[in-house]
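Written below as structure tokens is the structure these notes are about.
Proteins come first, then strands; the chains are lettered A, B, ... in the order of their sequence lines, and each starts at number 1. Remember, it's a predicted structure, so these values are computed and weren't measured experimentally.
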2 protein chains.
Amino acid sequence: MRAEQQEQTRRRIVGAALELHRTVGPAASSFSAVADRAGVQRSTLYRHFPDDRALFLACSGQHLDEHPFPDPASVVSETGPEARAALGLGSLYRYWEEHETLVANVLRDGETDPVLHEVNELRMGAPIAAMRDLLVDAWPVAARTPRLRAMVALALDFRTWQTLVRRSGMATGDAAALMSATLARTAIDAEADAAA
Amino acid sequence: MRAEQQEQTRRRIVGAALELHRTVGPAASSFSAVADRAGVQRSTLYRHFPDDRALFLACSGQHLDEHPFPDPASVVSETGPEARAALGLGSLYRYWEEHETLVANVLRDGETDPVLHEVNELRMGAPIAAMRDLLVDAWPVAARTPRLRAMVALALDFRTWQTLVRRSGMATGDAAALMSATLARTAIDAEADAAA
DNA sequence: CTTTCAGTGAACGGGGATGTTCGACGAAAG
DNA sequence: CTTTCGTCGAACATCCCCGTTCACTGAAAG
């Protein structure tokens with residue numbers, strides 16, 4: 001097949017780009033550098049991916065194909081709020097740990113590059129928002145205060161995991177347990193405040 | 001005076017650099033851009049600051065002169081652990097809010113640039129570590145578990161404030177109150193676990 | 001066997017940053 | 001009044017990246 005080899009080349013390019021994104025980050029992955037690492041001419045790269053956006057979308061797409069983001073829906077089996085939080089945070093934190101360098105680079109450079117920022121929102125924004133809602137909704141209505149929502153959002157954030165694990169040396173599992181317990185405490189406070 | 005005008009030029013340069021650090025961040029503040037904005041020849045800039053490190057140190061020094069970091073020692077007046085946490089987090093969060101863009105840019109680019117990272121540690125690492133210890137030590141020994149230390153470190157982190165305020169829309173004061181209460185809850189859990 | 005076409009290799013002009021060097025100017029210091 | 005010296009303005013060579021173009025080769029498709 002003709003198209004097969006074309007697809008082959010495309011995969012080599014995306015693979016090379018992902019490697020660079022993991023090591024130096026998207027911002028430092030110039031088209032020249034990607035072409036070099038893929039063993040391909042720059043002109044070839046431009047034919048497959050006319051701009052950054054096309055390349056970013058291909059890379060994030062392939063990465064998520066091979067390493068699916070934790071499915072928010074999987075937490076609905078747990079109905080107890082703290083247990084659901086523990087389950088959700090556990091799977092998310094494991095994902096953060098497994099793909100730390102890539103996520104860290106992509107978030108860092110996304111603060112600067114608007115196109116990358118947009119792709120990040122597209123790829124990670126939706127699932128995390130869904131997870132946030134599912135965790136919050138496990139608590140009784142009275143507990144679902146802005147405070148609780150904020151703590152859930154904080155708990156889900158990549159930087160929170162990174163701070164707990166990399167700066168304080170916690171194990172990823174302990175970090176998830178700590179934040180689940182914290183959410184439970186916050187919910188109790190929230191409900192008490194609502195009653196008063 | 002001869003030296004006065006020399007000092008004048010130096011200040012113009014540092015001011016211009018700080019402006020750029022606030023707007024686009026240190027990484028995007030090339031020597032050319034700084035010289036342009038300062039209205040100074042590049043050669044002049046190089047005479048005052050031979051390398052990035054010299055310029056970074058001058059900038060951070062001047063900024064901290066004009067906007068001193070919250071003094072960790074000021075929290076010792078409060079002996080109650082939660083009150084001390086509220087005081088410390090309150091002053092720190094106010095600092096984060098007032099200098100958000102500069103801090104955000106400097107932390108982001110520090111992830112990439114080793115020299116900048118070093119300067120960041122030098123300028124912010126020490127005071128934050130001191131604050132962390134003072135907050136932790138307000139609790140009884142039994143409560144000072146790794147968990148509590150980790151939560152204190154998380155509470156002090158710039159990203160935590162940013163997540164609570166910018167992503168969840170909390171007021172800075174509410175964020176400080178929320179995290180103080182959270183620390184208190186964590187300490188209770190920690191002490192209970194230690195007793196068991 | 002010929003056509004098609006993805007990929008090659010090389011080059012183009014343009015942009016920006018780097019670090020250094022030089023002569024000339026002009027005002028303060030002696 | 002003359003020396004000193006910080007600053008200017010300009011130029012240098014070097015490096016990296018950008019987006020595009022073009023003649024070419026070789027193998028799959030017809």
Separation of C:dC5 atom P from A:Gln5 atom CD, nearest Å, is 15 Å
Paired with B:Thr172, the side chain to side chain donor-acceptor pair (under 3.5 Å) test is passed by just one of B:Tyr93, B:Tyr95, B:Trp161, namely B:Trp161
For A:Pro72 and A:Pro127 the tightest heavy-atom approach is CG-O, 3.4 Å
A:Glu7 CD to C:dA6 P, in whole Å, measures 13 Å
side-chain hydrogen bond (donor to acceptor under 3.5 Å, both in side chains) assessment of A:Arg22 paired with A:Thr101: CA-CA 6 Å; A:Arg22 277 187 216 104; A:Thr101 66; over 6 Å; no
ask   = Is it true that B:Arg94 and B:Glu100 have a side-chain N and a carboxylate O under 4.0 angstrom from each other?
value = no
Residue pairs meeting salt bridge (Lys or Arg N to Asp or Glu O under 4.0 Å), one or both in residues 47-67 of chain B, sequence neighbours left out, come to B:Arg53-B:Glu118
Taking C-beta and beyond as the side chain, do A:Met179 and B:Leu154 meet within less than 4.5 Å on heavy atoms?
-> yes
Residues of residues 15-27 of chain B with a heavy atom under 4.0 Å from any atom of DNA chain D, listed by number, are none
| said: Can you confirm if the aromatic rings of B:His99 and B:His63 lie within a centre distance of less than 6.0 Å? | reply: yes
### Query
Does a side-chain N or O from A:Thr9 land closer than 4.0 Å to OP1 or OP2 of C:dG7, or not?
yes
Before you tell me yes or no, could you show the steps for B:Glu111 and A:Arg159 under salt bridge (Lys or Arg N to Asp or Glu O under 4.0 Å), namely the whole-Å CA-CA distance, both residues' side-chain angles and the distance that decides it to 0.1 Å?
CA-CA 13 Å; B:Glu111 288 180 40; A:Arg159 308 281 185 175; 3.1 Å; yes
In short, the helix from C:dC1-D:dG30 to C:dC12-D:dG19 is bent end to end, axes from five pairs each side, to 10°, by 20°
- Message: Counting only heavy atoms not in A:Arg166 (residues, nucleotides, ligands), do more than 12 fall under 6.0 Å from its CZ?
- Response: yes
Members sharing A:Leu57's hydrophobic cluster, built from side-chain contacts under 4.5 Å between Ile, Leu, Val, Met, Phe, Trp and Tyr, are A:Phe56, A:Val115, A:Leu116, A:Val119, A:Leu122
Look at A:Ser30 and D:dC16 and indicate whether a side-chain polar atom (N or O) is within less than 4.0 Å of OP1 or OP2.
no
Sorted by number, residues from residues 35-60 of chain A placing a heavy atom under 4.0 Å from DNA chain D are A:Arg42, A:Ser43, A:Tyr46
Rounded to whole Å, CD of A:Gln6 lies from P of D:dA27 at a distance of 17 Å
Contacts of A:Ala86 meeting side-chain contact (heavy atoms from CB on, under 4.5 Å) (sequence neighbours excluded), chain-then-number -> A:Ser180
